[in-house]
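None of the values given here were measured: they were computed from a predicted structure.
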Amino acid sequence: MASSASLMVLALLMASIAAIAEARAFFIFGDSLVDSGNNNYLETTARADSPPYGIDYPTGRPTGRFSNGLNIPDLIGKQIGLSESPLPYLSPDFNGKKLLLGANFASAGVGILNDTGVQFVNILRMYRQLELFEEYKRRLSGLVGTRQANRVVNQALVLITVGGNDFVNNYYLVPFSARSRQYSLPDYVRFLISEYRKLLMKLYKAGARRVLVTGTGPLGCVPAELAMRGNNGGCSQELQRAASLYNPQLVQMINGLNDKIGRDVFISANTQKMHNDFVSDPQAFGFTTSEIACCGQGPYNGLGLCTQLSNLCPNRDLYAFWDPFHPSEKANKLIVEQIMTGSNEYMNPTNLSTIIAFDSKI
């Protein structure tokens, strides 16, 4: 017969599970902009588990986030009231009631296409991230039952950030790449959008009902591209053209999906405009530069990886970019501010605060 003490422990555990279940779960899919450490557990060069990554994270240690501190999922998680960020799905600590907070499936280096990021070898490509989501749902059902598991997934917020690598680490990776010989840029963009549409429909069929979809940033203006392809300090025109073709078609495709479904499941975030604001006028946002990365080497600190041997700026808040490709924590905060409260210029059909307020009344 169970002791009263063990029954009390069980009752407390069930109460804590119920309390967590009341909060909205958060699921994250995509690439290094939103990876919180899955690649730490994979044999790949696409990783951020060494200093100085994480220098401004609360623990001061690298976590696998491609940031000096918090990344976009961390900041959105805080805004939607999560007590902690969802763990990377591959983390050995991801078990028990942690499942109720959601999960991060993102993996640095991936793209919409399976042949994107082949040089990183062992990463969680998008089809694999979706397979792991199905595995997660089975695990959650074992914890709380199928009905409650479906409710957690249906009521969750989902973030998906993918697409930039399909240009940077595929089409433009090398001159005369296989994809650039196969497709003109406009045709490649159309192909990407059609493949992305399939991914989003798979998420919908898996139970996702609120999905935040971010576009690409200004691909040609990141320090890596300024160093490798920029024209006398200007952004790479070819990559900027790619972003300007891709992002409007992404919004169009999302609007079409919502029309087909009959409700606003998918919310698009114009991250190109969000980034462009501080890239074009860094001083207005408190940055001294939006061209030079805080951590790196070579022109614009844009070459190679950010390592302990790299140049490292003393004040990360003055830099829009942390490393050659990724925004600083401060830049991430500005992006999330717009996601939460931005006008229709930035968020379509509306911002996340409005969506959350609407959902809380249902």
Side-chain angles (χ1 to χ4, degrees), residues 29-34 109-120 125-127 160-204 211-232 234-261 265-277 279-280 324-325 335 344-349:
F29 299 87
D31 59 25
S32 60
L33 290 165
V34 292
V110 303
I112 296 162
L113 306 179
N114 289 334
D115 57 290
T116 291
V118 286
Q119 71 274 32
F120 302 126
R125 302 188 190 285
M126 288 309 303
Y127 76 88
I160 181 165
T161 295
V162 69
N165 284 325
D166 293 289
F167 296 103
V168 173
N169 282 309
N170 191 332
Y171 196 85
Y172 292 109
L173 180 62
V174 291
F176 312 111
S177 67
R179 288 295 190 186
S180 69
R181 291 197 308 272
Q182 184 183 6
Y183 293 105
S184 68
L185 180 62
D187 287 344
Y188 183 64
V189 168
R190 279 190 285 274
F191 173 56
L192 282 182
I193 296 291
S194 70
E195 292 300 303
Y196 203 172
R197 188 182 187 280
K198 293 174 195 169
L199 280 177
L200 294 179
M201 278 310 292
K202 282 179 183 169
L203 265 179
Y204 177 72
V211 184
L212 178 61
V213 185
T214 65
T216 70
L219 297 171
C221 299
V222 301
E225 299 306 333
L226 292 178
M228 290 187 286
R229 298 176 219 272
N231 306 318
N232 300 321
C235 302
S236 159
Q237 291 311 306
E238 193 60 13
L239 273 160
Q240 287 298 85
R241 179 170 165 247
S244 63
L245 283 173
Y246 174 83
N247 286 310
Q249 287 184 49
L250 179 62
V251 174
Q252 206 177 350
M253 179 265 280
I254 286 168
N255 290 342
L257 276 183
N258 286 337
D259 289 345
K260 181 186 173 186
I261 292 164
V265 170
F266 300 100
I267 307 141
S268 60
N270 187 343
T271 34
Q272 184 178 13
K273 179 160 177 51
M274 294 172 193
H275 271 93
N276 274 344
D277 287 350
V279 163
S280 56
F325 285 104
I335 292 163
N344 289 92
E345 245 185 319
Y346 297 91
M347 299 296 297
N348 184 57

Engineer: With the threshold set at 4.0 Å, does a side-chain nitrogen-carboxylate oxygen contact exist between E345 and K273?
Structural biologist: yes
Engineer: Holding to side chain to side chain donor-acceptor pair (under 3.5 Å), I want the full list of residues that pass it with Y188, two or more places apart in sequence or in another chain.
Structural biologist: none
Engineer: Between Q237 (side chain only) and C235 (backbone N and O only), is there a donor and an acceptor less than 3.5 Å apart?
Structural biologist: yes
Engineer: Without hydrogens or angle criteria, can the side chains of N170 and S177 be said to hold a donor-acceptor pair below 3.5 Å?
Structural biologist: no
Engineer: Judged by atom type as modelled, is there a donor-acceptor pair below 3.5 Å linking the side chain of N270 to the main-chain atoms of M347?
Structural biologist: no
Engineer: For the residue pair D277 / Y346, report whether a side-chain donor-acceptor contact shorter than 3.5 Å exists.
Structural biologist: yes
Engineer: Between Y172 and D166, is a side chain to side chain donor-acceptor pair (under 3.5 Å) present by the stated rule, with each step listed?
Structural biologist: CA-CA 8 Å; Y172 292 109; D166 293 289; over 6 Å; no
Engineer: Taking salt bridge (Lys or Arg N to Asp or Glu O under 4.0 Å) as the test, write out the residues that go with D187, two or more places apart.
Structural biologist: R190
Engineer: Please list, chain by chain and in numerical order, all residues satisfying salt bridge (Lys or Arg N to Asp or Glu O under 4.0 Å) with R179, sequence neighbours excluded.
Structural biologist: D115
Engineer: Apply the test side chain to side chain contact (heavy atoms under 4.5 Å, CB included) to residues Q252 and I193: give CA-CA distance (whole Å), side-chain angles for both, the deciding distance (0.1 Å), then the verdict.
Structural biologist: CA-CA 10 Å; Q252 206 177 350; I193 296 291; over 6 Å; no
Engineer: Could I get the full list of side chain to side chain donor-acceptor pair (under 3.5 Å) partners for N348, not counting sequence neighbours?
Structural biologist: N255
Engineer: Would you list the atom pairs, donor with acceptor, under 3.5 Å between side chains in residues 194-202 and any protein atom, with sequence neighbours excluded?
Structural biologist:
{"from": "S194", "atom 1": "OG", "to": "F191", "atom 2": "O", "distance (Å)": "2.8"}
{"from": "E195", "atom 1": "OE2", "to": "K198", "atom 2": "NZ", "distance (Å)": "2.8"}

Engineer: Looking only at side-chain N and O atoms, does T271 offer a donor or acceptor that is under 3.5 Å from a partner on T214?
Structural biologist: no
Engineer: With no hydrogens and no angle check, is any side-chain donor or acceptor of R125 less than 3.5 Å from a backbone partner on I112?
Structural biologist: no
Engineer: Is there a donor-acceptor pair closer than 3.5 Å between any side-chain N or O of N165 and the backbone N or O of V110?
Structural biologist: yes
Engineer: Checking Y246 now: which residues fulfil ring-ring contact (aromatic ring centres under 6.0 Å, His included) with it, not counting sequence neighbours?
Structural biologist: F167
